[in-house]
There are 2 protein chains.
Amino acid sequence: MIEADIFKALADPTRRKVFEKLAGGSLNASALRDGLEISQPAMSQHLSVLREAGLVREQRQGRFVNYEVDPEGIVAIGTWLARYRAYWPKRMDALADLLKEMD
Amino acid sequence: MIEADIFKALADPTRRKVFEKLAGGSLNASALRDGLEISQPAMSQHLSVLREAGLVREQRQGRFVNYEVDPEGIVAIGTWLARYRAYWPKRMDALADLLKEMD
DNA sequence: GCAACACATAAGCATGTACTTATGTGTTGC
DNA sequence: GCAACACATAAGTACATGCTTATGTGTTGC
């Protein structure tokens, strides 16, 4: 189950910070460390978890590895969220209509 | 940060099963145990985690406690997801429009 | 080739978490 | 009142997880 990996990945605060950084555009592993007080191996491990969850994808560029948000993970969360549309407040109704089409 | 509690709560497979059961309507703690091979205290602890994350809310009814999905948690996830709308595929564009209004 | 660099993997350790059994709290009906 | 019930809390334990240091792999430029 991919959901399991996704929620586990996002349960860690450091990984959420990394993911939010990537929301602004692709970055390599070293750039992602800026600001976060974390060792290089720790970042590498976090990125591995995010990648296996389908939340980020990588692209080798010389000796750098660029990471970016993977839409696959985003869609998986949206699809999961769609199961609970009965409990969304009215201002989220348009979202419900859209996701109904995705079934 | 409420996000932290939400993703931690959903990282556990048993809690996700409980939450999905509640998607079908409110249930008490004993009813939620049906099908899941889990002790009564374990269920109680899981429900406590889900409640503190804002994902479920409870309502005492005699000696039973009814649990139901709390829209607050659903909205929190939707809001979080909105940060990544740049990475949503086109079929989720309507969702983006809606959540833009929520800012 | 080889030194410097960017990143990944291995191994060990400290802390967090999900479970258990035992017990406590509040409600119902006799 | 009190026995039965529904649920919560406490305490202890096994395992998962996120970190560290050490080392491995692949790339660049001289």
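Side chains are part of it too, since the values below use all heavy atoms of this structure and drop only hydrogens, waters and symmetry mates. Note that the structure is a prediction, hence the values are computed from the model and not measured. Letters go in sequence order (proteins before strands), and every chain restarts at 1.
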Quiz item: For B:N66 and C:dG26, what is the distance between atoms CG and P respectively, to the nearest whole Å?
Solution: 20 Å

Self-check item: Sugar-phosphate only, base, or nothing, as touched by B:S48 at under 4.0 Å among non-hydrogen atoms
Solution: nothing

Exercise. Output, in order, the C-alpha distance, side-chain angles, deciding distance and verdict of side chain to side chain contact (heavy atoms under 4.5 Å, CB included) for B:T14 and B:I38.
Key: CA-CA 9 Å; B:T14 302; B:I38 195 178; 3.6 Å; yes

Practice problem: Record whether the side chain of A:Q45 comes under 3.5 Å of the base of C:dA8 through a donor-acceptor pair of N or O atoms. | Solution: no

Quiz item: Distance check: side-chain N/O of B:S30 vs OP1/OP2 of D:dA6, anything under 4.0 Å?
Solution: no

Quiz item: Is the shortest heavy-atom distance from the side chain of B:R15 to the side chain of B:V49 under 4.5 Å?
Solution: yes

Practice problem: Nearest whole angstrom, please: distance from the C1' of C:dC30 to the CZ of B:R63. | Solution: 12 Å

Quiz item: Of the nucleotides C:dC7, D:dC19, D:dA22, which one has an atom closest to the side chain of A:T14?
Solution: D:dC19

Quiz item: Rounding to a whole Å, what distance do you find between A:L36:CG and D:dG18:P?
Solution: 15 Å

Quiz item: So among B:R51, B:E72, B:E68, which one has a side-chain contact (heavy atoms from CB on, under 4.5 Å) with B:V56?
Solution: B:R51

Exercise. Take atom CD of B:E52 and atom P of D:dA8, then tell me their distance rounded to the nearest Å.
Key: 12 Å

Quiz item: A:A42 has a side chain; which of D:dT9, C:dC19, D:dC19 sits nearest to it?
Solution: D:dC19

Exercise. Send over the distance from A:L32 CG to C:dC7 P, rounded to a whole Å.
Key: 9 Å

Quiz item: For B:Q61 and C:dT28, what is the distance between atoms CD and P respectively, to the nearest whole Å?
Solution: 11 Å

Quiz item: Does A:Q40 get its side chain close enough to the base of C:dA8, under 3.5 Å, for a donor-acceptor pair?
Solution: yes

Exercise. Would you mind telling me which of C:dA6, D:dC7, C:dT9 lies closest to the side-chain atoms of A:S44?
Key: C:dT9

Practice problem: Classify the nucleic acid contact of B:R15 as base, sugar-phosphate or nothing, counting any heavy atom under 4.0 Å across all strands shown. | Solution: sugar-phosphate

Quiz item: When the distance from CD of B:E58 to P of C:dT27 is rounded to whole Å, what number comes out?
Solution: 13 Å

Quiz prompt | Counter-base of D:dT17, judged by Watson-Crick or G-U geometry with both distances under 3.5 Å | solution = C:dA14

Quiz item: Is there a donor-acceptor pair under 3.5 Å between the side chain of B:R60 and the backbone N or O of B:G62?
Solution: yes

Quiz item: Does C:dT28 pair with anything, Watson-Crick or G-U wobble, both distances under 3.5 Å, and if so, with which nucleotide?
Solution: D:dA3

Self-check item: Nucleotide nearest B:P41 when distance is taken to its side chain, options C:dT20, D:dC7, D:dT20
Solution: C:dT20

Self-check item: Integer-rounded Å distance: D:dG18 P and B:K8 NZ
Solution: 9 Å

Quiz prompt | Contact check, side chains of B:L27 and B:Y67, non-hydrogen atoms, under 4.5 Å | solution = no

